[in-house]
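Shown below is the structure under consideration.
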Amino acid sequence: MDGTVDGFRYGAVTPVAAYLMACLGGALGLRCIVRSLLDTRSFRAGWLALGAASIGCGIWTMHFIAMIGFHVEETRVRYDAATTVLSLVVAVAVVGVGVFIVGFRGTSGVTLAVAGAVTGLGVAGMHYLGMAAMRLNGEVGYDPVGVALSVLIAIGAATAALWAAVTIRGFLTSLGASLVMGVAVSGMHYTGMAAVSVHVHDMTGGTWEGDSPMSLLLPMLLGPVVFLLLAGVVVMFDPLLVLGERSSASRPDSPPLNSPARKRPSWRAAASSGHER
């Protein structure tokens with residue numbers, strides 16, 4: 001028997017909350033990556049890692065907040081804790097790969113395409129791994145067209161996010177980029193969910209293990225949410241990020257952060273300019 005699937009059990013509450021978390025993670029990640037590029041002498045790898053963790057946690061939190069609203073009328077839905085945690089690890093790891101590639105190698109065409117593809121496929125993998133954590137009295141099926149479309153959206157969103165991470169400097173432009181990222185990530189999630197169908201087994205057939213969404217997901221979501229809030233405090237009170245923002249605003253025609261024009265001149269160039277004087 002085909003199950004009655006409802007992805008909006010709590011109305012607009014879960015989609016809006018999921019979207020906001022995706023935006024928060026994206027905004028913090030963008031600012032951390034900008035911070036890593038403002039001063040190349042600082043611990044760049046640390047800021048890139050913090051940015052990757054922020055974006056990854058934002059995407060993962062968005063997914064499972066949205067999944068709280070997922071309901072199948074004919075059966076209970078439960079989640080396997082180990083698979084759910086594994087999906088978080090995958091989200092942070094694959095975003096980290098893309099962020100470190102563009103953070104150290106820039107956004108040339110091939111580099112950006114590779115980083116975007118790897119990250120997008122990883123984000124899509126996180127989504128479907130999270131779906132695999134579901135335990136219910138039935139079988140979950142997917143429409144191949146919907147799955148393919150969700151993967152393409154994930155790759156496009158990841159590529160755009162990585163490009164924005166090393167290109168966009170201003171606070172308002174970063175905020176705007178994070179809002180667009182939130183739309184893209186949420187769109188990927190709900191496109192994938194639209195491809196879901198559930199075939200429910202005979203109601204007398206056996207039992208299935210796992211934790212209910214509220215008992216597992218709400219406590220598990222607390223950790224990433226607290227991490228994002230702490231990352232927000234770090235970003236908000238970092239003096240170089242604030243001063244660098246003001247400096248960039250006073251020089252609107254300055255080149256992008258990762259462009260060769262922003263590199264410090266060598267000692268030979270400095271010496272030659274001194275002779276010319």
Do the side chains of Val72 and Thr4 get nearer than 4.5 Å, heavy atoms only?
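No, every pair of side-chain atoms sits at 4.5 Å or beyond.
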Check whether Arg105 reaches the backbone of Leu112 with its side chain - one donor and one acceptor, N or O, closer than 3.5 Å.
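Looks like no, no N/O pair under 3.5 Å.
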For Ser150 and Val147, indicate whether the former's side chain and the latter's backbone hold a donor-acceptor pair under 3.5 Å.
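Yes, the answer is positive, given that a donor and an acceptor are paired below the 3.5 Å cut-off.
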Rounded distance (nearest 0.5 Å) linking atom OG of Ser186 with atom CE of Met21
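Between atom OG of Ser186 and atom CE of Met21 there are 11.5 Å.
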Are Val13 and Tyr19 linked, directly or through intermediate hydrophobic residues, by side-chain heavy-atom contacts shorter than 4.5 Å (ILVMFWY only)?
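Shared cluster, no.
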Given side chains that start at C-beta, do those of Leu129 and Leu86 come closer than 4.5 Å, heavy atoms only?
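They are in contact (side-chain heavy atoms under 4.5 Å apart), so the answer is yes.
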Taking it one step at a time, do Val196 and Met131 satisfy side-chain contact (heavy atoms from CB on, under 4.5 Å)?
CA-CA 10 Å; Val196 172; Met131 294 295 293; 3.7 Å; yes
Trace of the side-chain contact (heavy atoms from CB on, under 4.5 Å) decision for Ile101 with Thr111:
CA-CA 7 Å; Ile101 289 175; Thr111 301; 3.4 Å; yes
Do the side chains of Tyr10 and Val16 join up, straight or via other hydrophobic residues, at under 4.5 Å, putting them in one cluster?
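No, it is not one cluster - the side chains of Tyr10 and Val16 are not joined through contacts under 4.5 Å.
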Linked, directly or transitively: Leu50 and Phe100 (ILVMFWY side chains, under 4.5 Å):
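Yes, because Leu50 and Phe100 connect within a single hydrophobic cluster, where side-chain heavy atoms sit under 4.5 Å apart.
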Closest heavy-atom contact between Ala177 and Leu30?
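The pair with the smallest heavy-atom distance is CB-CD1, 3.8 Å.
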Spacing of CZ belonging to Arg9 relative to CD1 belonging to Ile68, to within rounding of 0.5 Å
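Between Arg9 CZ and Ile68 CD1, I get 11.0 Å after rounding to 0.5 Å.
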Drop me the distance from His189's NE2 to Thr191's OG1, to the nearest 0.5 angstrom.
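OG1 of Thr191 is found 10.0 Å from NE2 of His189.
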At their closest point, which heavy atom of Trp60 faces which heavy atom of Thr84, and how far apart are they?
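Answer, listing the atom of Trp60 first, then Thr84: NE1-O, 3.4 Å.
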Apply side-chain contact (heavy atoms from CB on, under 4.5 Å) to residues Phe104 and Arg44 and explain how you reach the verdict.
CA-CA 9 Å; Phe104 283 100; Arg44 174 181 286 192; 3.6 Å; yes
Min side-chain heavy-atom separation Leu88-Cys57 under 4.5 Å
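They are in side-chain contact.
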Flag side-chain contact, heavy atom, 4.5 Å: Met181 against Cys23
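Side chain of Met181 against side chain of Cys23, heavy atoms only: no contact under 4.5 Å found.
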Measure the acute angle between the ring planes of Phe64 and Tyr79, then classify it against the limits of 30° and 60° as parallel, tilted or perpendicular.
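Because their plane-to-plane angle is over 60°, the rings of Phe64 and Tyr79 count as perpendicular.
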Which heavy atom of Met126 sits nearest a heavy atom of Ala91, and at what distance?
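Nearest heavy atoms, Met126 then Ala91: CG-CB, 3.6 Å.
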I'd like to check Met134 versus Phe70 (side-chain heavy atoms, cut-off strictly below 4.5 Å). Are they in contact?
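They are in side-chain contact.
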Can you measure from CG (Leu149) to CE (Met188) and round to the nearest 0.5 angstrom?
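Here the rounded value is 10.0 Å.
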Find out whether Glu73 and Asp6 are in side-chain contact, i.e. whether some heavy atom of one side chain is under 4.5 Å from a heavy atom of the other.
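In short, these two side chains do not touch, never coming nearer than 4.5 Å.
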Where is the tightest heavy-atom contact between Gly29 and Ser54, given as atom of each residue plus distance?
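Minimum heavy-atom contact is N-CB, 3.8 Å.
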Please test Met67 against His127 for side-chain contact (heavy atoms from CB on, under 4.5 Å), starting from the C-alpha separation and ending with a verdict.
CA-CA 10 Å; Met67 290 306 296; His127 172 85; 5.7 Å; no
Answer whether the closest heavy-atom distance between the side chains of Arg76 and Asn137 falls below 4.5 Å.
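No, side chains not in contact.
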Testing the basics here: between Ile155 and Ala117, what is the closest heavy-atom pair and its distance to 0.1 Å?
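Ile155 and Ala117 have their closest heavy atoms at CG2-CA, 4.1 Å.
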Working to the nearest 0.5 angstrom, can you tell me the gap between Glu74 CD and Leu136 CG?
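These two atoms lie 11.0 Å from each other.
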Kindly give the heavy-atom pair with the smallest separation between Leu162 and Gly116, and that separation in Å.
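Smallest heavy-atom distance, with atoms named: CD1-N, 3.8 Å.
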Is there a path of hydrophobic side-chain contacts, each under 4.5 Å between heavy atoms, that joins Val102 and Val110?
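No: no chain of side-chain contacts under 4.5 Å links Val102 to Val110.
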Are Tyr128 and Val185 in one and the same hydrophobic cluster, where Ile, Leu, Val, Met, Phe, Trp and Tyr link if side-chain heavy atoms are under 4.5 Å apart?
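Yes: a chain of side-chain contacts under 4.5 Å links Tyr128 to Val185.
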